[in-house]
Amino acid sequence: MHGVLQIAYKQLLITRYGLGNDLEIQRDEELMLQFQSGDEAAFRILVDRYKQRIYAFTYRFLSRSPEAEDIAQEVFVKIYFARDTYRPAAKFSTWVYVITRNTCLQAMKKLGTKISINDSSRETDLEMLETVADTRAESPSEHALNDEKAGKIVEALDRLPESQRLAILLRRYDQMSYEEMAEVMNCSVQSVKSLLFRGRAALKEYLKEYFRDES
Amino acid sequence: MNGFAVVGDIMKCKITKELLLEYLDGNLSKDQHEMVDKHLQECAECQAECDSLRDSWEMLGDYDAPEISDQFTRQVLQKVHEKKGSVSEGSLLSRLLALLSPRNFSTMPALASLAILAGVGYFLLAGRPTGIVEQKKPAGGQRVEIVRNLDDEAIIRDLEIYENAEILENLDLLVDLEAVENFDADD
């Protein structure tokens, strides 16, 4: 009985948001409510909406590890099974990034040491990634991957402590506000600012040589 | 912040450097923004610091992630399906274990009653003739003989009659004894 009432309540919330039947144009939070009510098509749309963003995050946070795609998939599997823990009051993207952050940190523990840019296995990892994703044609992104500049950035980001790297990635690539970052990182806005300040100052130092060479 | 009017050059540089990130992010108030702007025009060192911070931030934009595989969504759904399967397989066992967990104290009396009923039922049913008869001979060293075949039913019946006959004989004896006792009492 309780379950029936819960579904009815969610349907009511969906109606209040003024939803039509077109899933593609619905807000993330609305889709999540639909999914909580048992609509699996809504989940598929959420995966399609977020997959590139989440993969890019895991790829950068795990320093281009070949495991990044698997870990991004794991994030969505977790979202599927944790759907009932989502509350409509929370922003969906923030909730997704909390799960992503936790999954990445768990993966880092499991994987042990990070793969360094200077690691000789880097090329092998890259080749493996290309073989697995054989449907992927050579793209400008792959050129960038081999680009010296990108390598230098990865190296600099790798040298940052996890919390600073996380702050930099969320701010630079996901354009999050300080408040959203504080929620994802489970800390105060002041701590976020402090982490960003230290991270950016360190990055500036690590990349200074590159600017000098360039000029 | 009351501007830089009352502080020295070193202090101006220190305050500017602290505000640089917010300045680059456009998060300063109009007054603060103008104040930092003015100092940067006057101080080459702070201007260089500001340029480095801006350049390194912009440089991060050159770090692209590859395009995600076309199979990504399908693979996610497949993993969900596989996990669902493993969850339902384990669910019966996990439900049983959950019932026995200390969190479910409320179910304990019901489970205990069920166990007692099952035990009592077993002993009651075990006493009924089911075609399996155990004949134990109390004399030491003699082996226990077990009749397992339903074809031996005739033997079992004969044994029962034999035992009942013994009881009847004893009963006759008791009746006789009673009669003797009553006879004595009458006397």
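Values below: every heavy atom of this structure, side chains too, minus hydrogens, waters and symmetry copies. Note on naming: letters A, B, ... go to the chains in the order of the sequence lines (proteins, then strands), and numbering restarts at 1 for each one.
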In plain terms, say whether [X] and [Y] are close enough for a salt bridge, that is, a side-chain N and a carboxylate O under 4.0 Å apart.
X      : Y     : result
A/R64  : A/E69 : no
B/E18  : B/K14 : yes
A/K204 : B/E49 : yes
B/E34  : B/K38 : no

Where does [X] contact chain B at under 4.5 Å (heavy atoms): side chain, backbone, both or neither?
X      : result
A/Y206 : neither
A/F57  : neither
A/A72  : both
A/E205 : neither
A/F197 : both

Would you check, one step at a time, whether the test salt bridge (Lys or Arg N to Asp or Glu O under 4.0 Å) holds for A/R49 with A/D28? CA-CA 9 Å; A/R49 263 187 208 176; A/D28 299 337; 2.7 Å; yes

Most heavy-atom pairs under 4.5 angstrom with chain B, which of A/R44, A/R171, A/K193?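 Going by pairs under 4.5 Å, I would pick A/R171.
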
Between A/E180, A/E179, A/E183, A/E29, which is the residue that forms a salt bridge (Lys or Arg N to Asp or Glu O under 4.0 Å) with A/K91?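 Among A/E180, A/E179, A/E183, A/E29, the one meeting salt bridge (Lys or Arg N to Asp or Glu O under 4.0 Å) with A/K91 is A/E180.
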
Need one label for B/L77: side chain, backbone, both or neither, based on atoms under 4.5 Å from any heavy atom in chain A.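 Side chain of B/L77 only, per the 4.5 Å heavy-atom cut-off to chain A.
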
